[in-house]
Chemist: 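Take a look at the following structure, please.
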Number of protein chains: 2
Amino acid sequence: MTERKPRKDAARNKAAVFEAADDLFAHCESPEAVTMADIAAAAGVGKATLFRAFGDRGGLIGALVEARLEPVREAVETGPPPLGPGTAPLLRVPALLDAILCFKYDNRHLALALEGSGGSSPYRAGHYGSWHTTLRTLLEQIPGLSGSESDFTAHALLAATRADLVEHLAGARDTPRERLRAELAAFTARVLGDRDRDREAAGGTS
Amino acid sequence: MTERKPRKDAARNKAAVFEAADDLFAHCESPEAVTMADIAAAAGVGKATLFRAFGDRGGLIGALVEARLEPVREAVETGPPPLGPGTAPLLRVPALLDAILCFKYDNRHLALALEGSGGSSPYRAGHYGSWHTTLRTLLEQIPGLSGSESDFTAHALLAATRADLVEHLAGARDTPRERLRAELAAFTARVLGDRDRDREAAGGTS
DNA sequence: ATCCGAAGCGGACCGCTGGTCCGTATTCTA
DNA sequence: TAGAATACGGACCAGCGGTCCGCTTCGGAT
């Protein structure tokens with residue numbers, strides 16, 4: 001219950017590790033190429049400090065992602081529309097997916113490192129369950145989607161924002177950010193059964 | 001051009017390795033828990049034989065998956081409708097996705113091992129590009145989907161059949177095979193803009 | 001049947017990784 | 001300022017993917 005306040009140096013080291021890891025993942029070729037020893041050296045701490053603070057490699061990456069993800073989560077939980085609560089599901093679902101996509105695009109290195117961290121599937125990572133629940137709940141409020149469908153639909157929509165897919169499109173194939181967003185938005189609209197969009201797509205050739 | 005015929009023992013060993021690997025991946029907890037040494041021992045061969053025959057771990061898993069995948073590929077390339085060519089895209093796309101889903105469901109262990117093999121993203125695996133091209137080509141023939149959309153749509157649809165998602169639903173959450181198929185089919189129908197399905201889903205609550 | 005070159009074999013071996021241990025240095029409390 | 005609790009760090013370990021090289025086995029030619 002009584003939380004011991006962490007020592008100063010511990011906090012400072014933790015921050016240094018975060019910064020060093022973020023930097024290394026951002027500049028190195030593959031996430032696998034960044035070793036724990038590298039991070040420790042870059043942060044100017046001993047290797048054991050990493051493991052004491054974060055448990056294991058997955059824990060470190062997870063904590064890092066969680067930290068960078070917090071603004072997004074907050075914007076979703078207590079923010080203005082269309083991301084925040086109180087928005088019509090038909091508007092909020094696309095907004096949510098767009099936010100996730102943008103995060104994964106802007107933090108590709110981290111998201112990629114997380115999803116590829118060891119053998120544990122990304123579906124057991126804490127935040128995935130959270131996104132899924134939020135999304136499923138929203139989908140259930142949309143008429144025309146049966147309840148049992150919304151669970152799978154939420155998974156499928158989230159799968160369209162998988163980090164390695166984003167990396168494949170953005171990194172290897174140079175798809176611009178805005179275009180990716182537009183395509184995900186169009187896809188989402190299709191799934192949600194947006195008739196206007198159908199008509200527009202059938203009409204314009206652009 | 002002139003292919004040297006492989007020696008008998010080489011062929012036999014290769015087959016033994018396939019069988020042993022398949023078995024190990026099927027019965028072990030996580031794909032990462034199966035080491036090359038394990039496979040070699042189970043097949044009754046030396047470790048070097050594995051690497052000589054398949055290059056590296058990824059090569060072995062890739063070859064294994066490719067072998068198991070061949071019937072499916074053949075059914076798609078030269079088979080009867082609705083999977084084979086000459087089927088209306090609106091019918092063939094769901095059939096294709098269903099076939100992929102079934103394969104990944106029935107060979108979860110292998111598909112999981114492949115997608116999680118090392119750091120190389122599954123998007124560089126040979127067959128992914130093949131599926132994607134087929135799917136995109138089909139989507140382009142469906143009116144109401146602009147050409148630029150079909151590329152991303154193909155990716156997104158394939159993402160709904162990712163091995164770890166299938167494993168999450170089928171393995172951890174015990175979703176039955178037929179139900180998964182039905183859900184993917186419903187999702188696909190939505191993406192393809194099936195109006196009948198929309199109406200049905202809006203009407204019935206089941 | 002025999003012989004011989006070559007293709008194949010296997011297990012000892014290597015480099016490197018994630019992860020641990022324990023003597024030492026630092027920080028908080030009184 | 002003294003003492004105990006906490007954190008540090010680099011040497012250390014086990015296990016992995018992958019390689020090497022002396023030996024075995026195959027198969028075509030005689």
Side-chain angles (χ1 to χ4, degrees), chain A residues 1-21 24-25 28-64 112-120 125, chain B residues 2-21 24-25 28-65 112-120 125:
Chain A
M1 195 61 53
T2 65
E3 299 192 355
R4 300 216 181 283
K5 14 181 165 175
R7 261 167 55 168
K8 278 186 198 169
D9 52 353
R12 193 163 38 86
N13 278 338
K14 213 169 162 180
V17 166
F18 269 113
E19 198 141 340
L24 282 183
F25 280 122
C28 280
E29 201 55 29
S30 158
E32 318 266 329
V34 179
T35 75
M36 294 288 115
D38 290 339
I39 299 176
V45 304
K47 217 168 41 143
T49 301
L50 292 194
F51 290 96
R52 199 174 321 108
F54 303 101
D56 61 357
R57 196 194 156 102
L60 166 55
I61 299 177
L64 190 46
L112 214 48
L114 179 71
E115 292 190 10
S117 102
S120 83
Chain B
T2 66
E3 298 192 356
R4 301 218 180 280
K5 17 180 165 177
R7 264 166 55 168
K8 278 186 200 167
D9 51 354
R12 193 163 38 85
N13 278 337
K14 214 169 161 181
V17 167
F18 269 112
E19 198 141 341
L24 281 182
F25 280 123
C28 281
E29 203 55 31
S30 157
E32 318 266 328
V34 178
T35 76
M36 293 288 115
D38 288 341
I39 298 177
V45 304
K47 219 168 43 145
T49 301
L50 292 194
F51 290 97
R52 199 172 324 106
F54 302 102
D56 61 356
R57 182 173 222 258
L60 166 55
I61 299 176
L64 190 46
V65 168
L112 214 48
L114 179 71
E115 291 189 12
S117 102
S120 83

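Note on naming: letters A, B, ... go to the chains in the order of the sequence lines (proteins, then strands), and numbering restarts at 1 for each one.
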Chemist: What's the closest nucleotide to the B:N13 side chain, out of D:dG9, D:dC26, C:dG10?
Modeler: C:dG10
Chemist: Do you know the tightest heavy-atom contact between A:A33 and A:D38?
Modeler: O-OD2, 3.6 Å
Chemist: Which donor-acceptor pairs under 3.5 Å do side chains of residues 48-55 of chain B form with protein atoms, sequence neighbours excluded?
Modeler:
none

Chemist: Just the rounded figure in Å: distance from C1' of D:dC8 to CZ of A:R12.
Modeler: 12 Å
Chemist: Taking all non-hydrogen atoms of both residues, which atom of A:A113 and which atom of A:F25 are closest, and how far apart?
Modeler: CB-CE2, 3.9 Å
Chemist: Output the rounded distance in Å from CZ (A:R52) to C1' (D:dG10).
Modeler: 12 Å
Chemist: Answer whether the closest heavy-atom distance between the side chains of A:D9 and A:R12 falls below 4.5 Å.
Modeler: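 A side-chain contact under 4.5 Å exists here.
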Chemist: Are side-chain heavy atoms of B:K14 and B:V17 found at a separation under 4.5 Å?
Modeler: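 No. Closest side-chain heavy atoms not under 4.5 Å.
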Chemist: Determine which bases of DNA chain C form Watson-Crick or G-U wobble pairs with both distances under 3.5 Å, and write the result as a 5' to 3' dot-bracket string with | for other-strand partners.
Modeler: ||||||||||||||||||||||||||||||
Chemist: Return the value, rounded to whole Å, for the distance between atom NZ of A:K8 and atom C1' of C:dA25.
Modeler: 16 Å
Chemist: Show each protein N/O and nucleotides 11-16 of chain D N/O combination with a separation under 3.5 Å, one pair to a line.
Modeler:
none

Chemist: Between D:dG9, C:dT26, C:dC9, which nucleotide has the shortest distance from any of its atoms to the side chain of A:T49?
Modeler: D:dG9
Chemist: Taking atom P of D:dG27 as reference, at what distance in whole Å does atom CG of B:D9 sit?
Modeler: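 In whole Å, D:dG27 P lies 7 Å from B:D9 CG.
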Chemist: Specify the closest pair of heavy atoms between A:C28 and A:V34, including all atoms of both residues, with the distance to one decimal.
Modeler: CB-CG2, 3.7 Å
Chemist: Measure across A:L114 and A:G62 and return the closest heavy-atom pair with its distance rounded to 0.1 Å.
Modeler: CD1-CA, 3.9 Å
Chemist: Return yes if the base of C:dA7 and the side-chain atoms of B:R7 contain a donor-acceptor N/O pair under 3.5 Å, otherwise no.
Modeler: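 It does, because a donor-acceptor pair links the side chain of B:R7 to the base of C:dA7 below 3.5 Å.
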Chemist: Closest to the B:A10 side chain: C:dG8, D:dG27, D:dG9?
Modeler: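 Among the listed nucleotides, the one closest to the side chain of B:A10 is C:dG8.
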Chemist: What's the separation between atom NZ in B:K47 and atom CE in B:M36, rounded to the nearest 0.5 Å?
Modeler: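 Going from NZ on B:K47 over to CE on B:M36, the span is 9.5 Å.
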Chemist: On DNA chain C, nearest-nucleotide positions of A:F51 versus B:K14: which is more 5'?
Modeler: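 Looking at DNA chain C, the more 5' nearest nucleotide goes with B:K14.
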Chemist: So how far is it from A:E19 CD to A:L64 CG, rounded to the nearest 0.5 Å?
Modeler: 10.5 Å
Chemist: Output the rounded distance in Å from CG (B:D56) to P (D:dG18).
Modeler: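 Roughly 5 Å, once rounded to whole Å.
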